[in-house]
**Student:** 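The structure that follows is given in the form of structure tokens.
Quick caveat, the model's predicted, so the values are computed rather than measured. Remember, it's 1-based here, ligands and their atoms both numbered in the order they're listed.
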Amino acid sequence: MTRPSEQSLQQELDELAAGGLYRPMRIIESPQGTEVVIKGRRLINLSSNNYLGLNTHPRLVQAMVDATNRFGAGSGAVRTIAGTLSIHEELERRLAEFKHTEAALTLQSGYATNLGILSCVLVEGDVVISDEFNHASIIDGIRLTKADRLVYRHGDLDSLEEALEKAAKYRRKLVVTDGVFSMDGDIAPLPGIVERAEAHTAMVMVDDAHASGVLGENGRGSVSHFGLDGRVEIQVGTLSKAMGVLGGYSAGSATVREFLVAKARPFLFSTSHPPGVAAACIAAIDVLLDEPQRIARLWDNTRYFKGQLQEMGFNTGVSETPITPVIAGDPDRANALSDDLLAGGIFAQPIVFPMVKREQSRVRTIVTSEHTRAQLDATLEVFQGAGKKLGLIG
Ligand code: PMP
């Protein structure tokens with residue numbers, strides 16, 4: 001029931017819904033797999049970030065159960081008071097080794113990691129230089145700093161160079177970019193970014209949420225993909241997507257780690273991961289090292305699925321990775337495409353404003369290593385029918 005004091009909230013919600021910008025959440029009644037059950041119907045799932053199917057991998061599940069039996073369900077405190085267990089430190093050692101960095105620090109989520117870093121590394125008198133399409137958690141982190149902000153055109157090195165020239169007068173400079181852009185699936189031009197930042201003595205921070213487990217040797221991320229080890233000060237990763245669990249981390253020098261321990265507010269003021277989460281993340285690193293065939297399958301599926309969609313005439317934008325948007329136009333068309341797919345047994349969610357520009361509304365798909373060719377073919381057939389019906393393809 002809406003109380004009189006809440007009426008303006010209800011009115012705003014109604015307006016969002018009328019504009020196609022608010023939809024009820026879909027409730028999944030099964031594990032997050034290549035298929036999911038929603039309202040009792042089994043659907044092919046193209047909407048998760050579970051790139052490598054690790055969330056149900058027996059090694060991760062067992063590690064979580066074992067650590068829970070050994071350490072309990074929760075950690076009981078923030079890291080700096082009494083919430084640092086040996087398993088948290090073990091995960092950080094393993095992450096640093098995996099990422100070829102001196103040190104790593106985990107936080108509760110990728111979102112908390114970006115917020116934590118950006119809000120403390122930069123203070124008044126500093127400047128942050130940010131790609132215009134960076135993820136919301138980067139934008140929100142920047143909102144929390146008193147540093148000045150410069151935004152460069154998406155992936156545009158000349159625009160970055162201009163910003164760096166303007167930034168000459170500042171004490172501490174940080175260039176920040178997604179490694180893989182979460183809505184379009186394109187890869188940041190990292191070698192050019194690093195070169196220009198080095199020339200201007202600026203630090204670089206890369207958010208590899210969608211590159212972890214996807215790009216680079218054994219899924220080490222975009223820095224590994226471009227052979228830039230040692231030249232990026234802060235690599236952010238998430239443990240919530242390809243790693244199959246939950247959390248975020250910063251990998252870099254021991255100095256950066258210590259700085260974050262001293263100052264990052266989500267680290268200082270929010271309880272650490274349950275031990276089971278840390279243990280499952282360690283198991284995820286083991287699987288990345290032991291089963292590189294998962295990443296090969298992910299890329300095979302990506303090439304096949306994206307290629308077929310493009311051949312049918314769909315607009316998949318500038319995607320180069322398993323994130324394949326099918327751009328539909330205004331929010332109503334994206335919602336209609338998603339609804340038609342659902343009716344045909346495919347779960348692929350629409351993405352509309354404010355995640356993307358209104359006229360760039362889309363259905364975003366992500367294939368995983370675990371999808372079978374039969375599942376992808378069935379999906380493509382439904383896409384073709386829905387695309388023709390909505391006039392997206394001829
Ligand atoms: N950065 C990017 C680029 C992302 O896409 C996401 C997830 N939506 C995050 C950070 C946040 O990660 P997490 O879900 O672990 O909070």
**Student:** Does the ring of F267 carry R79 above it, NZ/CZ under 6.0 angstrom from centre and within 45° of its axis?
**Tutor:**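 Here R79 fails the 6.0 Å and 45° test against F267.
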
**Student:** Should A136 be listed as contacting ligand 1, given a heavy-atom distance under 4.0 Å as the test?
**Tutor:**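 Contact absent.
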
**Student:** Under 3.5 Å, is there a donor-acceptor pair linking the side chains of H371 and T368?
**Tutor:**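 T368 and H371 do have a side-chain donor-acceptor pair below 3.5 Å.
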
**Student:** Donor-acceptor check, side chain of N50 to backbone of Q32, threshold 3.5 angstrom: yes or no?
**Tutor:**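 Yes, N50 side chain to Q32 backbone: donor-acceptor pair under 3.5 Å.
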
**Student:** Starting from atom 12 (O) of ligand 1, locate the nearest protein heavy atom and write down its residue, its atom name and how far away it is, to 0.1 Å.
**Tutor:**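 Result: G110 CA, 3.4 Å.
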
**Student:** Which heavy atom of the protein is the closest neighbour of atom 16 (O) of ligand 1, given with residue, atom name and distance?
**Tutor:**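 Answer, as residue, atom name and distance: Y111 N, 2.9 Å.
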
**Student:** Considering heavy atoms of the protein only, find what lies nearest to atom 15 (O) of ligand 1 and give residue, atom and distance to 0.1 Å.
**Tutor:**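 Closest protein heavy atom to atom 15 (O) of ligand 1: S240 OG, 2.6 Å.
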
**Student:** Relative to each other, are the rings of H273 and H88 parallel, tilted or perpendicular (30° and 60° limits)?
**Tutor:**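 Rings of H273 and H88: tilted, 30 to 60°.
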
**Student:** Could you find the nearest protein heavy atom to atom 1 (N) of ligand 1 and give me its residue, atom name and distance?
**Tutor:**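 For this ligand atom, the closest protein heavy atom is D207 OD2, 2.5 Å.
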
**Student:** Indicate the atoms forming the closest heavy-atom contact of N218 with F98, along with that distance.
**Tutor:**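 Residues N218 and F98, closest heavy atoms: O-CZ, 3.3 Å.
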
**Student:** Considering only the protein, which heavy-atom contact is closest to atom 5 (O) of ligand 1, and what is its distance?
**Tutor:**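 For this ligand atom, the closest protein heavy atom is H210 NE2, 2.9 Å.
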
**Student:** Can G248 be said to touch ligand 1, with heavy atoms closer than 4.0 Å?
**Tutor:**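 Checking ligand 1 against G248, which is what was asked, there is no heavy-atom contact under 4.0 Å.
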
**Student:** Quick one: look up the protein heavy atom nearest atom 8 (N) of ligand 1 and list residue, atom name and how far away it is.
**Tutor:**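 Looking at atom 8 (N) of ligand 1, the protein heavy atom closest to it is K241 NZ, 3.1 Å.
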
